[in-house]
Amino acid sequence: MQKDPATNVLGQELAPCSARPLTGFFRDGHCNTCADDHGSHTVCVEVTAEFLALSKYLGNDLSTPRPEFRFPGLKPGDQWCLCAARFLQAHEEGCAPQVRLAATHASALEIVPLEILQLNALPD
């Protein structure tokens with residue numbers, strides 16, 4: 001799989017999102033993506049209890065550990081490369097987690113407008 005260029009939504013080099021828990025489509029700690037990443041795991045977020053509950057309700061339980069996939073389960077405050085469409089859905093539902101713009105891949109802009117990412121951005 002060929003990674004897309006590691007550029008963030010600000011036009012700069014993509015910053016890391018999280019090594020604990022290890023995140024990203026490539027599980028490299030970055031929200032890197034490629035043509036095979038059909039979920040566009042490109043938005044680096046800091047998850048909240050409210051978001052985790054919404055995600056579970058929508059059928060994607062991110063809080064329960066899945067050792068068979070080496071997934072520890074997320075807890076509030078963890079950073080994670082979230083699917084862009086799920087982020088947009090959470091925003092529309094009024095419970096979007098905050099975004100790390102420097103660690104959010106430019107490909108997220110194909111799904112989420114920059115203005116929405118900025119509205120939910122963590123302070124620098």
Trace of the side-chain hydrogen bond (donor to acceptor under 3.5 Å, both in side chains) decision for Asn120 with His91: CA-CA 8 Å; Asn120 294 285; His91 170 77; 3.2 Å; yes
Flag side-chain contact, heavy atom, 4.5 Å: Leu74 against Ser63: no
Heavy-atom pair of closest approach, residues Pro97 and Ala90: CD-CB, 4.3 Å
Least distance between heavy atoms, Val112 atom then Leu88 atom: CG2-CB, 4.1 Å
Point-to-point distance, once rounded to the nearest 0.5 Å, from CD of Glu110 to OG1 of Thr42: 8.5 Å
Close side-chain approach of His105 to Thr7, heavy-atom, < 4.5 Å: no
Close aromatic pair by centroid cut-off 6.0 Å: Phe25 and Trp80: no
Gln2 CD: over 12 foreign heavy atoms closer than 6.0 Å: no
Spacing of CG belonging to Asp37 relative to CG belonging to Asn32, to within rounding of 0.5 Å: 9.5 Å
Heavy-atom check, side chain of Phe71 versus side chain of Pro21, under 4.5 Å: no
Inter-residue atom distance Cys44.SG - Asn8.CG, 0.5 Å rounding: 10.5 Å
Any Leu122 side-chain heavy atom under 4.5 Å of Val99 side chain: no
Gap separating the OG atom of Ser55 from the CD atom of Glu50, nearest 0.5 angstrom: 12.5 Å
Leu14 reachable from Val9 in the ILVMFWY side-chain graph, under 4.5 Å edges: no
Shortest non-hydrogen separation from Ala84 to Val43 and the atoms involved: CA-CG2, 3.8 Å
Distance (rounded to the nearest 0.5 Å) between Thr104 OG1 and His30 NE2: 12.0 Å
Heavy-atom closest pair, residues Cys34 and Asp4: CA-OD1, 3.7 Å
Electrostatic pair Asp78-Arg20, nearest N-O below 4.0 angstrom: no
Heavy-atom side-chain proximity of Leu119 to Glu115 below 4.5 angstrom: no
Joint cluster assignment, Val45 & Phe26, ILVMFWY side-chain distance < 4.5 Å: no
Heavy-atom check, side chain of Leu58 versus side chain of Arg86, under 4.5 Å: yes
Polar contact flag, side-chain donor to acceptor under 3.5 angstrom, Asp61-Thr64: yes
Non-hydrogen atoms of Arg100 and Ala15 that approach each other most closely: NH2-CB, 4.4 Å
Thr33 side chain near Lys3 side chain, heavy-atom distance below 4.5 Å: no
CA sep, side-chain torsions, deciding dist, call: Cys31, Cys81, disulfide (SG to SG under 2.5 Å): CA-CA 5 Å; Cys31 295; Cys81 293; 2.1 Å; yes
Spacing of Glu93 atom CD and Leu54 atom CG [to the nearest 0.5 Å]: 6.0 Å
Test item: Ile111 and Ser40 side chains (from C-beta on) under 4.5 Å apart, heavy atoms: yes
